[in-house]
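In what follows, a structure is listed as structure tokens, so that the remarks can point back to it.
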There are 2 protein chains.
Amino acid sequence: MARTLARRADVIGPIAEAFREHGYDGATLSLISKATGLGKGSLYHFFPGGKEEMAKAVLIEVEAWFEAQIFARLETGERSAAEIGRMFDAVAEYFRSGRRVCLVGAFALSDSRDHFAVALRAYFDRWIAALKQALIRAGCDEAAAAGLAEEAVAGVQGAIVLARALDDPAVFARCIARLKARLEPRPSA
Amino acid sequence: MARTLARRADVIGPIAEAFREHGYDGATLSLISKATGLGKGSLYHFFPGGKEEMAKAVLIEVEAWFEAQIFARLETGERSAAEIGRMFDAVAEYFRSGRRVCLVGAFALSDSRDHFAVALRAYFDRWIAALKQALIRAGCDEAAAAGLAEEAVAGVQGAIVLARALDDPAVFARCIARLKARLEPRPSA
DNA sequence: GTCTATAAAGCGATAGAC
DNA sequence: GTCTATCGCTTTATAGAC
């Protein structure tokens, strides 16, 4: 039952990777064509709105992945302290210890921020809200949880920037380990 | 004594701003031309290597600014605890509470990272080393200082990303305030 | 030192055959 | 659904007048 014809869902992953590696401007249609194995004609068949529609589809898919794999579990997982630890592990794997860029973070620093403002804000708002909820359920008071959640999400983004600039995944690992330790509930809290 | 002819040094600032606002790819020569008020002919007169030479010149100028205004004072300032606080204030002003992107951080996330790898690494290595030195002089032991310095520099970058994504300078201010508090020497340390 | 004109290449996007 | 050919435009970079 080999599928020879592509579905739209099949090409979003490779397109996302092209945007991560080259940025919005740098990911030219010919690069995207190479990454997906599809000609421009096919790409415009799936995304009539062109490059901008591709980027929006990618952002939607990225948030859906985080929602299913990370955000939802933070809010509803039974042992929420364990879920927080799991979040850091999942994030380290997803971003490949800083070798892989966060698409949303990269767009936030780029020229295209205003174009995708709604999606960028939604992603980070949601992440912070889910993490805050997990912290509260783990015993934090609300104010402390809000601060720690914001700090951790910013910290992950900073870890990616720094690890890429120094070209050293160990930097990323250390940053994540520090955040993880800081968000662990301690007897004194 | 009005100067009508431009010097190379006069145009690096506007070029830096163009790269910050639009990224390396997005900062086209016609945008740079508009930002500097100079035609392409003049730009190539100052930077025969074209856009790449402009970016390298900008990175050198940025590091020189940080060296003079921040790094050197961290290492040699008399009251090093006060210098650390001053660093956060200077950084908040320089990055305009996250409204202004860190050029080095943005390059690190972008496609052009490999092209400017040496400059990116130098900037962050230097920042971390200077901050670590200040922390040691303020009473930290070496291991703690290394961790705190790395955490703070990453934290600043993350604060910029997050504040831009959420389009909220208050996010930046809170992140910086938390970092500042964490690096303050306390009696228990 | 500054400009305009221009070259050569690549861009996003479209048309239309299959 | 996929492709090739092509349009119109912008890009970086160069040439040469002033």
Side-chain angles (χ1 to χ4, degrees), chain A residues 1-59 61 103 106-107 110-116, chain B residues 1-59 61 103 106-107 110-116:
Chain A
M1 305 302 107
R3 164 188 305 281
T4 57
L5 269 49
R7 290 168 308 176
R8 194 180 129 117
D10 294 331
V11 300
I12 290 187
I15 295 176
E17 215 49 42
F19 279 127
R20 265 188 279 263
E21 283 173 24
H22 306 285
Y24 183 74
D25 287 328
T28 66
L29 285 190
S30 75
L31 270 171
I32 293 173
S33 183
K34 213 171 290 175
T36 57
L38 254 49
K40 291 181 196 178
S42 301
L43 290 172
Y44 274 90
H45 172 73
F46 289 127
F47 308 95
K51 208 169 149 177
E52 181 174 338
E53 189 177 338
M54 296 180 207
K56 284 187 174 162
V58 161
L59 285 169
E61 209 257 2
L103 192 77
F107 276 16
S110 87
D111 202 15
S112 44
R113 177 190 69 154
D114 296 346
H115 237 81
F116 307 111
Chain B
M1 303 294 108
R3 165 187 307 282
T4 58
L5 269 47
R7 289 168 309 176
R8 195 180 127 118
D10 294 330
V11 299
I12 290 187
I15 295 176
E17 213 50 42
F19 280 127
R20 266 188 280 262
E21 283 173 24
H22 305 286
Y24 184 74
D25 288 329
T28 65
L29 285 189
S30 75
L31 271 171
I32 293 173
S33 181
K34 212 171 292 176
T36 56
L38 253 49
K40 292 178 196 177
S42 301
L43 290 172
Y44 274 91
H45 171 74
F46 288 127
F47 307 95
K51 209 170 148 175
E52 182 174 336
E53 188 177 339
M54 296 180 206
K56 284 186 174 162
V58 161
L59 285 168
E61 209 257 1
L103 193 76
F107 277 16
S110 87
D111 203 14
S112 44
R113 178 191 67 154
D114 296 347
H115 237 81
F116 307 112

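So that the names make sense, note that chain A is the first sequence line, chain B the second, and so on, each numbered from 1.
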Exercise. Quick one: do A/Lys56 and A/Glu53 make a salt bridge, cutoff under 4.0 Å?
Worked result: no
Seminar exercise, completed: With B for base contact, S for sugar-phosphate-only contact and - for none (protein heavy atoms under 4.0 Å), nucleotides 5-10 of chain D reads ------
Seminar exercise, completed: Distance col, row B/Leu29:CG vs B/Leu38:CG, nearest 0.5 angstrom, shows 12.0 Å
Exercise. Where the side chain of A/Ser42 is concerned, which of D/dC3, C/dT2, C/dG12 is the nearest nucleotide?
Worked result: D/dC3
Seminar exercise, completed: Between NZ of B/Lys51 and C1' of C/dG10 the distance, given in whole Å, is 13 Å
Exercise. Nearest 0.5 Å, what's the OG1-CD1 distance between B/Thr36 and B/Ile12?
Worked result: 11.5 Å
For this session: In whole angstrom, give the distance that lies between atom CG of A/Leu29 and atom C1' of C/dT14.
Result: 12 Å
Exercise. Rounded to whole angstroms, how far apart are CD on A/Glu53 and P on C/dT14?
Worked result: 12 Å
Seminar exercise, completed: B/Asp10 atom CG is separated from C/dT2 atom C1', nearest whole Å, by 15 Å
Exercise. B/Ser112 side chain to B/His115 main-chain N or O, any donor-acceptor pair under 3.5 Å?
Worked result: no
Exercise. When all nucleic acid strands are considered with a 4.0 Å heavy-atom cut-off, which category describes A/Phe46: base, sugar-phosphate, or nothing?
Worked result: sugar-phosphate
Problem set entry | Atom-to-atom span, CZ of A/Phe47 to P of D/dG1 - whole angstrom | 12 Å
Problem set entry | 5'-most by nearest nucleotide on DNA chain C - A/Pro48 or A/Gly26 | A/Gly26
Problem set entry | Between P of C/dG1 and NE2 of B/His45, the distance in whole Å | 4 Å
Exercise. Under a 4.5 Å cut-off applied to non-hydrogen side-chain atoms, are A/His22 and A/Ile32 in contact?
Worked result: no
Exercise. Just how far, in rounded Å, is C1' of D/dA13 from CD1 of B/Ile32?
Worked result: 13 Å
Exercise. Which heavy-atom pair separates B/Val11 from B/Ala6 by the least distance, and what is that distance?
Worked result: CG1-CB, 4.5 Å
For this session: Could you check how far OH of B/Tyr44 sits from P of C/dT4, rounded to whole Å?
Result: 16 Å
May I have the list of side-chain donor-acceptor pairs in residues 42-51 of chain B shorter than 3.5 Å, sequence neighbours left out?
unit_1  : atom_1 : unit_2  : atom_2 : d
B/Lys51 : NZ     : B/Tyr24 : O      : 2.8
B/Lys51 : NZ     : B/Asp25 : O      : 3.4
B/Lys51 : NZ     : B/Ala27 : O      : 3.2

